[in-house]
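Lettering of chains follows the sequences in order, A, B, ..., and the numbering in each one begins at 1. Nothing here was measured: the structure is a model prediction, and the numbers come from that model.
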Amino acid sequence: MGIHQLMQFLKEKAPNCFRTLMLDYFAGRTIGCDASMAMYQFLIQTQSAGQTQIIELTDKDGNRTGHLVGLFNRTLQFLENGIKPVWVFDGKPPQLKSGELARRKKLKEEAQVKTELALEKGDMQQALLQNQRTTTITSIMKDDAIKMLKLLGCPIIIAPCEAEAQCAELCRAGKIYATATEDMDALTFRTPILLRGFNTKKEPIYEIIYDDMIKELELTYEQFVDLCILCGCDYTEKIEGIGPGTAYKLIKEFKNIEGILEHVQKVNAERVKNNQNPKYTVPSKFLYEDSRELFITPQVQKGEEIQLIWNKPDVDNLKKFLIEEKGFAESRIDNGLKRIAKKDHTGFQSRLENFFGKTTKIIHPNNSKAKGKSNKKNEQPQKSGGKKKL
DNA sequence: GCTCTAACCCCAGACGCG
DNA sequence: CCGCGTCC
DNA sequence: ACGTGGGGTTAGAG
């Protein structure tokens, strides 16, 4: 679950670290995308309720393909807008996450039972909801996605561990402009820029700038990590009775989790003396030190070692794969490829254009339904400063 | 009252035809 | 331009 | 073998 309620906390306590941007702002930029989360969402959202069963997109062998449809469209949307995506996949989750993963697995199993129950009752709406909760990503599905994205010409990174941590490393190394994810722990991994909102065209894209955030909160990085752990992260239980609000106050006052634990013991002891229930409950195994280490020095591949290269799509093999193996309609692939036919996938053209200020308003009729007023914006000649800094 | 937390509910995409 | 069935 | 999140509402505690 990333960091519990961090988004809402930041909106409140650090409102000035946000910017909202339109898609065309990113033309010519490289963006690191969290592949697992995107796949998961596409798989969920391509399910629908039939008369007596749940319908999912699959190939002829029954392998699910909803994530491929989604990633295909999303990638083309990026390329069409001159954005160069690098898809980053999760590797092996850290040991500390196993408890959280077990919890999720159990929830999925319960949802599976509820799905079948709802199907028996004929409650298709409930069946769909529960079936969405059972969604998991198999290694076949992941391999299919990697194969397709490579054939589209995109660089792929399989992170040694958490994708968010790898994106943060790439961003700090200057290999990507920003990390695109809905998962707020990218900030805990210290990504300089986090982007949210690519999942819906209805709203603009939010940019969160790490340096602004940390300044506005008046915390050190280490303190911010402690704050995130106290809010609730994937690696350890949190202290019951402390949410984002009090965690922030306590960090300010006692500097770190060690100091807060001392304070917590005192407060609880005092209350026990007065025959009151303790105010806080510290988990029996509060692994905050290990969690810290996972956030601060995560297992990643060094950014300098990574070369990102975009190629033109391998049209023949892409078609062979998607049509013959995955059951895609040829016309959809052709339509998609037409959208990016004029783009240069090496990224040279878009950088050059960006340098000369030519790409500032590549936006498409498709997207313009978003707000209605956003149309006007595109028409404004954004000529001002001429070329940007380099 | 007001603030905060926790538990529980809901929600999530894109294309293209008519 | 919108609504809704379909995408595989 | 394993994997997403967010918002809203409400009840209850301090």
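The distance between atom CZ of A/Phe89 and atom C1' of D/dG3, rounded to the nearest whole Å, is 12 Å. Here the C1' atom of nucleotide C/dC8 and the CG atom of A/Leu71 are 14 Å apart, to the nearest Å. Taking atom CE of A/Met37 as the reference point, atom P of D/dC2 lies 19 Å away to the nearest angstrom. Counting to the nearest Å, the P atom of D/dG6 and the CD atom of A/Glu12 are 16 Å from each other. One interatomic measurement links the two molecules: CD of A/Gln95 to P of D/dG3, which rounds to 14 Å at whole-angstrom precision. As rounded to whole Å, 11 Å separates atom P of B/dG16 from atom CG of A/Asp334. Rounded to whole angstrom, the span from the CG atom of A/Leu76 across to the C1' atom of B/dA14 amounts to 11 Å. Atom CG in A/Leu57 sits about 5 Å away from atom C1' in C/dC8, given to the nearest Å.
Within the nucleic acid shown, A/Thr58 comes within 4.0 Å of at least one base atom, counting heavy atoms only. Using a 4.0 Å heavy-atom cutoff across all strands shown, A/Met39 reaches no nucleic acid atom at all. Using a 4.0 Å heavy-atom criterion, one finds that A/Gly245 contacts the sugar-phosphate atoms exclusively. No engagement by A/Asp34 is indicated, since no non-hydrogen atom pair under 4.0 Å with the nucleic acid exists. Among the heavy atoms of the strands lying under 4.0 Å from A/Gly91 is at least one base atom, whether or not backbone atoms are also near. Counting any heavy atom pair closer than 4.0 Å across all strands shown, A/Ala329 reaches sugar-phosphate atoms only and no base atom.
Between the side chains of A/Tyr235 and A/Glu293, not a single donor N or O lies within less than 3.5 Å of an accepting N or O. Looking only at atom types and distance, the side chain of A/Glu116 has a donor-acceptor partner in the side chain of A/Gln112 under 3.5 Å away. Looking at A/Arg172 and A/Tyr210, their side chains never bring a donor and an acceptor atom within 3.5 Å of each other.
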Decide yes or no on side chain to side chain donor-acceptor pair (under 3.5 Å) for A/Gln126 and A/Gln130, but give the supporting numbers first.
CA-CA 6 Å; A/Gln126 183 62 209; A/Gln130 294 301 336; 2.8 Å; yes
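Here, D/dA1 and B/dA14 have their P atoms 33 Å apart, quoted to the whole Å. Separation of the P atoms belonging to C/dT6 and B/dC10 is 27 Å when rounded to the nearest angstrom. Across the C1' atoms, B/dG18 and C/dC8 are found 23 Å apart, a figure rounded to whole Å. The same atom, C1', is picked in D/dT4 and in B/dG13; the two are 15 Å apart, to the nearest Å.
Side chain of A/Asn335, nearest nucleotide from D/dG6, B/dG16, D/dG3: B/dG16. When each of D/dG7, D/dG6, C/dC8 is scored by its nearest atom to the side-chain atoms of A/Gln8, the top-ranked nucleotide is D/dG7.
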Look for any protein N or O under 3.5 Å of an N or O in nucleotides 11-14 of chain D and output each such pair with its distance, or none.
none

Please list, pair by pair, any protein nitrogen or oxygen found under 3.5 Å from a nitrogen or oxygen in nucleotides 6-12 of chain B.
from	atom 1	to	atom 2	distance (Å)
B/dA6	OP1	A/Gly241	N	2.9
B/dA6	OP2	A/Lys238	NZ	3.1

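Distances shown here put a side-chain N or O of A/Thr246 below 4.0 Å from the OP1 or OP2 atom of B/dT5. Applying the 4.0 Å criterion to OP1 and OP2 of B/dC15, one finds that A/Arg339 has a side-chain N or O inside that range. For A/Arg332 and C/dT6, the shortest distance from a side-chain N or O to OP1 or OP2 is not below 4.0 Å.
Remark: aromatic rings of A/Phe78 and A/Phe26 are distant, center separation not under 6.0 Å.
Each of A/Lys147, A/Lys60, A/Lys319 was compared with A/Glu325 under the salt bridge (Lys or Arg N to Asp or Glu O under 4.0 Å) criterion, and only A/Lys147 meets it.
Taking hydrophobic clusters as Ile, Leu, Val, Met, Phe, Trp and Tyr residues chained together by side-chain heavy-atom distances below 4.5 Å, A/Leu230 shares a cluster with A/Val282.
Under a 3.5 Å cut-off, the side chain of A/Tyr221 and the backbone N or O of A/Thr188 do form a donor-acceptor pair. Under a 3.5 Å cut-off, the side chain of A/Asp90 and the backbone N or O of A/Ala163 do form a donor-acceptor pair. In this structure, the side chain of A/Thr220 engages the main chain of A/Gln223 through a donor-acceptor pair within 3.5 Å.
Comparing A/Lys11 and A/Lys105 against DNA chain D, the residue whose closest nucleotide sits nearer the 5' end is A/Lys105.
Residue pairs meeting the side chain to side chain donor-acceptor pair (under 3.5 Å) criterion with at least one member in residues 258-269 of chain A, sequence neighbours excluded: A/Glu258-A/Arg292.
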